Amino acid sequence: MADDFAQQVKQQADIVKIIGEYVRLKKAGAQNYSGLCPFHKEKTPSFSVHATRQFFNCFGCHEHGDVFTFIQKIENVGFSEAVRTVAQKCGIPLPKRDFSSPEEAAEHRQRGKLLDLHEAATVWFEEQLRSAEGALAREYLTGRGLSADGVAKFRIGFAPDNFHALRERLQGMADPVALRLSGLFSWKEQEDGSPGPMYARFRKRIMFPIANETGRVIAFTARTLETGEKAGPKYLNSPETPLYSKSQVLFNLDKARQAIRQADGALLVEGQMDCISVFLAGIPNVIATSGTAFTEAQVRLLRRYAGRVVVNFDPDTAGANAAEKSIALLTEEGFEVRVLTLEGGLDPDRYVRERGAKAYAEALRAAPPYQDYLIERARQMFPSRNPKSKTEALNFLLPHIRRIPSRIARDAFANDAAQALGIDSALVRAELKDAAARRRDSLVPHRHPLTRAEQILLQAFSGPRSSEAYLVAEGAWHQHELEFAAVRSDFREIVECLRARPDGADPLVSISDEEQRRILAEIFLSIHDMDPQPEEVEAAVLAIRCTALEQEQRRLRAAIDQAERASNLDEALRLTRESQDVTRRLRELD
Ligand SMILES: [Zn+2]
């Protein structure tokens, strides 16, 4: 996409308004807004949006950038897609799309065609549910407690027992290649190896559309209405297509994501029907894995919306195993996980129908932390109290304990486990020692903040060339170049980037180093004036020169010491004269 279009969009877009669609922002200063960071879990706001400079920054997780970066991160899209999204939100007409290659253009056309086919198929399935043939399906849905509203909301449909009707409906929309790619049809291979005629993949089934994050239908899950031998699998999914990859989609994320973000938490269930019932019962932050354990891709997808998850899988063995795998993936990603096990061995769908929405919401609130759930499960799996059984139970828990990033939380879990299993807690801690030692290596180095004076100087260099603050700073930089050479290198590098940029260019864009860009962004947010006063800049220059000279003085004194110890008197004398010169310059500054 052309850069000038991106520039045009950026100028017209209001970052506060656009981020405001995702984050509840409060005014926090003349040009600042703050709110809870959507990229990490927090209880007090450390996420800021700067209205004048049009960027955001999080002091907690250090995510930062402009309006496009925000959309890229939150919607998980590339740069051009982010530009298009922002343009659409602002009502700016999109230019014709440029593609880097004919293949990319063809791929894009194909995706568009597949999305159109899915939309048309969804409409057709909905129509079929209302038809005479759909009576049995309607009866089934009513029996499962679904109202007409619920059916409409989830766009549930019906695929009739007909091999050709859908094909006829979609015929004019796409070529046979696209129809075969859509996953809506099956065919038999012929004797010469070529594909035979297409027929409907889904027949006599209730159709649940699966949407992507933006609500476009990309696949279906279909539940059979047939009983007996002819029925085939109870649930039949779309195959993997260019639109749909099962491991990367979370069912209902399109409807739930806003609520998930607001609650900083999601409720995770197994099946689509569970998800639909719970959602319609008034719990809006529920999503489903579609009958399998969580995948890493799904965890990353969810990470963008929340830091907490309640897992409520079916109470059978398959459900418990899936829950366990999901817990492992989620805790590793730093999620706070609780596990809900419903009374009476009910799944979420039946629980909501039999006990009501209120009882379910209460059970949800009371769901224990996953540690308690796992300890309980270990005791159920290895119930006898002999040493062998205890060891097995401990071995079941240890990988989960080791996975916890925080040492305090790890120790707490280890103690609880030891107590519950009747094992000496020292023994459990010994087993954990290895893991702890491995973690110590990965400590993040401490970062010194810039001084106030350094911050003011950077602020001055970020302004327009003609501003007084900039002129004072630039003059000082020229005049005292040698002294400034002694100040910390990252500060100097930022100054050089700012001075080298074209007049009027965005200061943050001119810095390529991620860490340095973050430092500058934090300064913009902590100092509220756009341009500092010239006197402030002068005072800052003085303070920086002092610090630089004092540092130089310390370096010289150490060098003199060394020269004297080495009996290198000529060198010691030369250094002493230099040191006296520094002392004199320092006195002048005072
Ligand atoms: Zn953050």
Side-chain angles (χ1 to χ4, degrees), residues 13-29 31-79 82 85-86 213 253 256-266 285 296 298-309 329-337 404-406 409 442-450 455 506-509 511 513-528:
D14 177 7
I15 194 169
V16 177
K17 199 172 145 251
I18 286 172
I19 293 184
E21 289 178 23
Y22 301 85
V23 179
R24 219 175 292 154
L25 290 173
K26 276 202 194 103
K27 211 158 179 353
Q31 300 128 359
N32 276 9
Y33 290 79
S34 73
L36 293 176
C37 178
F39 303 114
H40 84 282
K41 198 196 125 201
E42 61 177 8
K43 291 202 171 72
T44 52
S46 49
F47 178 84
S48 305
V49 184
H50 198 289
T52 324
R53 292 204 187 268
Q54 292 285 303
F55 73 92
F56 71 94
N57 183 67
C58 175
F59 292 90
C61 67
H62 304 304
E63 287 287 2
H64 61 272
D66 61 9
V67 67
F68 301 137
T69 326
F70 182 85
I71 295 294
Q72 275 176 273
K73 283 186 174 138
I74 205 134
E75 296 286 0
N76 197 20
V77 293
F79 178 75
T85 306
V86 175
E213 280 170 87
L253 186 59
R257 60 185 191 151
Q258 200 68 16
I260 290 174
R261 193 169 274 141
Q262 273 158 14
D264 185 26
N285 58 338
E296 249 173 82
Q298 289 171 325
V299 172
R300 279 198 303 273
L301 183 59
L302 186 58
R303 195 77 194 86
R304 303 205 325 265
Y305 297 97
R308 295 187 298 182
V309 174
L329 276 173
L330 287 162
T331 48
E332 212 150 29
E333 277 291 311
F335 276 88
E336 189 185 309
V337 182
I404 301 175
S406 145
S442 60
L443 277 179
V444 186
H446 184 69
R447 189 173 53 84
H448 288 283
L450 293 181
Q455 293 184 1
D506 186 335
L508 288 171
V509 172
I511 295 169
D513 182 90
E514 181 84 0
E515 174 68 10
Q516 291 175 4
R517 200 160 50 224
R518 195 182 56 65
I519 291 175
L520 191 62
E522 290 189 4
I523 292 171
F524 290 159
L525 289 161
S526 59
I527 301 179
H528 289 281

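Whatever order the structure lists them in is the order used to number ligands and atoms, beginning at 1. Quick caveat: nothing in here was measured; it's all calculated off a predicted structure.
Contact annotation: the side chain of Phe79 approaches that of Gln72 to within less than 4.5 Å [non-hydrogen atoms, C-beta and beyond].
Listed by chain and residue number, Glu75, Lys89 satisfy the side chain to side chain donor-acceptor pair (under 3.5 Å) test with Tyr22 (two or more places apart in sequence, or in another chain). Taking the ring pair (Phe, Tyr, Trp, His ring centres under 6.0 Å) definition, one finds that Phe47 meets it with Phe56, sequence neighbours left out. Every residue meeting the side chain to side chain donor-acceptor pair (under 3.5 Å) condition with Glu63, not counting sequence neighbours, appears here in chain and number order: Lys73.
Residue Lys27 qualifies as enclosed at atom NZ: its count of foreign heavy atoms under 6.0 Å is above 12. Few gaps surround CD on Gln258; more than 12 heavy atoms of other groups in view lie less than 6.0 Å from it.
Around the Zn ion (ligand 1), the protein contributes the following N, O or S atoms under 2.8 Å, ordered by chain and number: Cys37 SG, His40 ND1, Cys58 SG, Cys61 SG.
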